[in-house]
Amino acid sequence: MAGGMDVHKNKFIEQWATNRENLEYVFRFNRRTVPICVFFGMIVPFVTYQGITAEFHKQDQLAGRGPRKFL
Amino acid sequence: TIRWLPYSNINFYIGIDGISLFFVILTTFLTPICILVGFYSVKSYKKEYMIAFFICESFLIAVFCSLDLLIFYVFFESVLIPMFIIIGVWGSRQRKIKAAYQFFLYTLMGSLFMLLAILFIFFQTGTTDLQILLTTEFSERRQILLWIAFFASFSVKVPMVPVHIWLPEAHVEAPTAGSVILAGILLKLGTYGFLRFSIPIFPEATLYFTPFIYTLSVIAIIYTSLTTIRQIDLKKIIAYSSVAHMNFVTIGMFSLNIQGIEGSILLMLSHGLVSSALFLCVGALYDRHKTRIVKYYGGLVSTMPIFSTIFLFFTLANMSLPGTSSFIGEFLILVGAFQRNSLVATLAALGMILGAAYSLWLYNRVVFGNFKPNFILKFSDLNRREVLIFLPFIVGVIWMGVYPEVFLECMHTSVSNL
C-alpha cells in the first residue's frame with residue numbers, strides 16, 4: 001500500500017496513548033478498584049447466570065417437567 | 001483416508017460438508033488478499049512472508065477438513081507457529097514480541113487440556129475418528145469433564161471473556177495481513193471446534209453448560225462493546241468488536257436450534273469478510289501515516305473520499321445494517337436464542353446497540369469533523385490495487401446480505417444432521 005505521509009506526532013497524545021496501552025502495569029487493587037471488580041466481575045455475571053437459569057426452570061415448570069440440571 | 005498411525009488405528013481422515021465448505025472457501029479467499037496487501041508494504045524477508053502465509057493457509061484448510069480428532073488437534077496447534085512468526089517478525093512495534101508470545105502461550109495452554117481429553121477418548125474408545133465418536137455414548141460425568149477440557153481450548157480461540165486478552169494485543173501488533181488472517185479465519189477455529197466436536201460428541205454436557213456459555217457470551221458482548229467505545233487505537237477498536245461478534249456466534253451456536261446455528265455460521269462468514277475489510281481500511285491509513293491513534297485523524301471525507309465511502313460501507317456492515325451480511329446472521333441468532341431464552345436474546349440485542357454506538361462514533365471521529373493539519377498534512381486516497389482488494393469483500397457482504405439463501409441452503413443439511 002502507499003506510504004510517505006508520516007504523522008507529526010504530538011508528545012502529549014503519544015504519552016496518553018502509552019498510558020492507556022500500559023494500564024495493566026499501573027493497575028492496583030485498592031479501595032476504589034476492588035468494589036468495582038467485585039461488582040462487575042462477580043456480582044453481575046452471577047446475577048446474569050441466575051436470571052438465565054431461572055428462565056430455563058420457568059420453562060420446565062410450564063412444560064410440566066422437573067427442573068433441568070445446570071452448572 | 002490416509003493411513004497415518006495404523007497400529008494405533010489413527011488415520012488421516014479428511015472430508016468436507018456444508019459447514020466446513022464455507023470456511024475453506026473463506027480461507028482460500030483471504031490468503032491471496034493477504035498476499036496482495038503485503039505486496040508493497042512488506043520491506044524485509046518477502047519470500048519468508050509468503051511462505052508463512054501459504055503454510056498457514058495449508059494448516060487452516062487441514063483444520064477445516066479434518067474428520068479425526070487428533071489430526072484436528074495437530075493442525076489446530078500448528079496454525080500457531082506461522083502466526084507467531086508473522087506477528088513476531090513483521091509486526092509494527094517492539095511490543096510485537098510480547099503479543100506473539102501472549103497469543104501463542106494463551107492458546108497452547110488451553111489446548112493442553114484438550115490433548116489430555118483426546119488421549120482419554122482414545123484410550124476409552126480405541127479411536128479418534130469423528131464419525132465413530134459421534135455414535136459413541138459417554139457417561140454424563142465423563143462428558144462434563146471432557147467438555148470442560150475442550151472448552152478450555154476453544155474458549156481461548158473464540159475468544160471468550162476472561163481469556164480474550166491475547167486478541168487485542170495480537171491484532172494491534174500484527175501486520176495488516178496478519179490481522180486479516182487472525183480476524184478472518186483464526187477466530188473461527190474456536191467456534192468451529194464447538195460446532196464440530198463439543199456439541200455433537202458431548203450433547204448432555206452441552207445442555208448442562210448452556211447457561212454458563214450464555215452468561216459468558218452475554219457478559220463478553222456487553223463488556224467488550226463498552227471497552228470498544230473507550231479505545232483510542234483504531235485496530236484495538238476493531239479487535240474488541242471482533243470479541244463481541246464472536247460471542248454473538250457462541251450464543252447462536254448454543255441455542256441448539258437450526259436458526260441459531262445457521263445464523264452463527266452466517267455471522268462467522270460475515271465477520272470474516274467485514275472485520276478483515278475493516279483491518280484493511282485501518283492498514284491503508286497506517287501504511288500512509290504510520291499511526292493508528294484516532295486523535296490524529298479527522299476530515300478524511302474531503303481528502304480521501306474513496307476510502308471514506310468504503311470505510312462507511314464496512315462500518316455499517318459491522319453494525320449489522322439490514323442489507324448486509326451481519327444483519328442476517330445476527331437476526332437468525334436472535335431468533336434462535338429467543339426461542340431458548342428471552343433474557344439472553346434481550347441482553348445480546350443490547351450489544352447490538354452498543355455496536356452501533358462504537359461503529360458510528362469511530363467513523364464520525366475519523367472521517368468527519370475538522371481536518372487536522374497540525375498532525376497530518378499530506379494525504380493520498382486509495383489506489384487501484386487497494387480498491388480492487390476491497391471489491392470482492394463488498395460483493396460478498398452484499399450477496400450474503402441480500403440473497404443468503406445460497407449459503408443457507410448449502411449448510412442446511414449439515415446443520416440439521418448435527
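Letters go in sequence order (proteins before strands), and every chain restarts at 1. What you are looking at is a predicted structure, and each value in this text was computed from that prediction instead of being measured.
- You'll find the side chain of Phe212(B) stays beyond 4.5 Å of the side chain of Ile52(A), heavy atoms only.
- A pairwise comparison of heavy atoms in Glu55(A) and Leu343(B) identifies OE1-N, 3.2 Å as the closest pair.
- To the nearest 0.5 Å, the span separating CZ on Phe56(A) from OH on Tyr214(B) amounts to 5.0 Å.
- In this structure, chain A has heavy atoms under 4.5 Å from both the backbone and the side chain of Arg230(B).
- Atom CG in Asn10(A) sits 9.5 Å away from atom CD1 in Ile293(B) (nearest 0.5 Å).
- When Thr291(B), Asn341(B), Ile376(B) are compared by the number of non-hydrogen pairs under 4.5 Å with chain A, Asn341(B) comes out ahead.
- Between the NZ atom in Lys295(B) and the CD atom in Glu14(A) there is a gap of 13.0 Å [rounded to 0.5 Å].
- Rounded to the nearest 0.5 Å, atoms NZ (Lys372(B)) and NE2 (His8(A)) are 15.0 Å apart.
- The distance from atom NZ of Lys58(A) to atom OG of Ser342(B), rounded to the nearest 0.5 Å, is 8.0 Å.
- Using a 4.5 Å cut-off between heavy atoms, Thr210(B) contacts chain A through its side chain alone, with no backbone atom that close.
- For a residue to count as touching a neighbouring chain, one of its non-hydrogen atoms must lie under 4.5 Å from one of that chain's; by this rule Lys236(B) touches chain A with the side chain only.
- Taken from CG in Asp6(A) to NZ in Lys378(B), the straight-line distance is 10.0 Å, to the nearest 0.5 Å.
- Heavy-atom distances place the side chain of Leu347(B), and not its backbone, under 4.5 Å from chain A.
- Summarising the geometry of Ile219(B) relative to Pro45(A), their closest heavy-atom pair is CD1-CA, 4.0 Å, with the distance given to 0.1 Å.
- Other residues, nucleotides and ligands contribute over 12 non-hydrogen atoms within 6.0 Å of the CD atom of Glu24(A).
- Contact annotation for Phe379(B): only backbone heavy atoms (N, CA, C, O) come within less than 4.5 Å of a heavy atom of chain A.
- Heavy atoms of Tyr208(B) lying under 4.5 Å from chain A belong to its backbone as well as its side chain.
- By number of non-hydrogen pairs under 4.5 angstrom with chain A, the leading residue of Thr215(B), Leu377(B), Val218(B) is Thr215(B).
- In this structure, chain A has a heavy atom under 4.5 Å from the side chain of Glu140(B), while its backbone stays farther away.
- Looking at Tyr296(B), only its side chain comes within 4.5 Å of chain A, counting heavy atoms on both sides.
- Using a 4.5 Å cut-off on side-chain heavy atoms (C-beta onward), Ile13(A) and Phe375(B) make contact.
- Heavy-atom pairs under 4.5 Å with chain A peak, among Val172(B), Ile232(B), Ile144(B), Asn374(B), at Ile232(B).
- When atom types are taken as modelled, the side chain of His289(B) and the backbone of Met5(A) share a donor-acceptor pair closer than 3.5 angstrom.
- Using a cut-off of 4.0 Å between Lys/Arg side-chain N and Asp/Glu carboxylate O, Lys235(B) and Glu21(A) are scored as not salt-bridged.
- Of the two parts of Phe46(A), neither the backbone nor the side chain holds a non-hydrogen atom closer than 4.5 Å to a non-hydrogen atom of chain B.
- Residue Gln50(A) qualifies as enclosed at atom CD: its count of foreign heavy atoms under 6.0 Å is above 12.
- No donor-acceptor pair closer than 3.5 Å links the side chain of Arg68(A) to the backbone N or O of Leu207(B).
- Using a 4.5 Å heavy-atom threshold, the side chains of Val44(A) and Tyr223(B) count as touching.
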